[in-house]
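The structure appears below as structure tokens.
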Amino acid sequence: MTPAQKALAFVRALSASPGLMPHAAITVNFHPDRLLADGRTVIEHLTTDGVYRTQYETGISNGGLGGDRPHWERRMFGDSGSRPVYGALNLAGHPDGAAPRFGSCHLVLHHHVNARATYSLGDSVTLPTVVGTATTFTAVWDGLCAQVTRTGQALGVTAPDAAQWAAALTAPRSHAGRTLDDYVEAQIHGGLSISTDVAALVADPSFRGTGTETGLRALGVPVRWHPGFRLDATGFDAEARGPEIPPLARAIAGRYRQPTLDAALLGRAARDGDPAQLVKYLWHILVMRGRPA
């Protein structure tokens, strides 16, 4: 068996209860304008190479890069040797993707990819125990329903009970989900090809009319726009992500003479050398509090 097949078999054995996954697309959120180690941006790499590479190949991470992650993956996928691409299952159809924490744009994958992905209730960094596949999804679904019973919401959708929540998932959505931490993670095994696996690309509107938009369109897949996020520099307080955040937001606004921060401006700051971790925190606050562009 291939590493992908071994990983799927391992997870199926952990989640032996049969049950088909609801119809939904996997989305892979990413920042298209971040620089890689070779000086290219992420979108330049995607258009040139035609494949979405993992953080271990690009050197860019919004989570755990190296460190304990190989141990987490062995725990989740056994000794399969699979190093998956990470995304999230967009069960609620959020226009900003299922996991905007990881980027301002997202790839929408064809449904055939679902069959070679594994799924977990929560991010792999939390060492989730509720896992499944497209044909053994019962435990993940039951976990989401239990979350609704406890808290009144899951995946950014609120409802008084699990039945009404399940019905609400299918409603059309025009507003951003802002689901920074509440998602079903999808681990895509066997690689990710732009030409065969990607149905569309959804981008932040701050990239309209920029070189980044040119790169996005060069991928050769349909490009759509989500509502976007904009926030005045004075709206970044210390409570959410620490005392270094307010002065950095004001400094970026002053440097570029733009009182309002958005995804494109944060990308520019990252490329110009502002600390990557702090820029990431600015992005989180932008998703949490930003108004539509």
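From a predicted model like this one, the values you see are computed outputs, not experimental measurements. Note that these values count all heavy atoms, side chains included, but never hydrogens, waters or copies made by symmetry.
Ring geometry, Trp165 versus Trp141: the interplanar angle falls from 30° to 60°, so the pair is classed tilted.
We find that Asp96 and Arg178 are not joined by a salt bridge, their nearest charged nitrogen and carboxylate oxygen being 4.0 Å or further apart. Salt bridge annotation for Asp262-Arg291: absent, with no cationic side-chain nitrogen under 4.0 angstrom from a carboxylate oxygen. Asp274 has a carboxylate O that lies under 4.0 Å from a charged side-chain N of Arg255, or vice versa, which qualifies the two as a salt bridge. A salt bridge is defined here as a Lys NZ or Arg NE, NH1 or NH2 lying under 4.0 Å from an Asp or Glu carboxylate O, and Asp79 with Arg74 fails to meet this definition.
Here Thr41 pairs with Leu35, Ile43, Glu44 under the side-chain contact (heavy atoms from CB on, under 4.5 Å) rule; sequence neighbours left out.
Judged by distance alone, the side chains of Asp123 and Tyr183 do bring a donor and an acceptor atom under 3.5 Å apart. In this structure, a donor-acceptor pair under 3.5 Å is absent between the side chains of Ser82 and Glu73. At a cut-off of 3.5 Å, with distance as the only test, a side-chain donor of Thr136 or Ser15 sits close to an acceptor on the other residue.
Under the 4.5 Å side-chain criterion, counting only non-hydrogen atoms from C-beta, Val42 is in contact with Leu46. Counting heavy atoms from C-beta outward, Asp161 and Thr149 have side chains that stay 4.5 Å or more apart.
Atom CD of Glu244 has 12 or fewer heavy atoms from other residues, nucleotides or ligands within 6.0 Å. Environment of NE2 in His175: sparse, with no more than 12 heavy atoms of neighbouring residues, nucleotides or ligands closer than 6.0 Å.
Side-chain N or O atoms of His111 include one that pairs as donor or acceptor with a backbone N or O of Ala24 at under 3.5 Å.
For His45 and Tyr52, the ring centers sit 6.0 Å or farther from each other. For His94 and His226, the distance between ring centers is not under 6.0 angstrom. In summary, the aromatic rings of Phe137 and Tyr119 are positioned with their centroids under 6.0 Å apart.
Through side-chain heavy atoms spaced under 4.5 Å, either directly or across other Ile, Leu, Val, Met, Phe, Trp or Tyr residues, Ile252 is tied to Leu180, Phe229, Leu231, Phe236, Ile245, Leu248, Tyr256, Leu261, Leu265, Leu266, Leu278, Val279, Tyr281, Leu282, Trp283, Ile285, Leu286, Val287, Met288.
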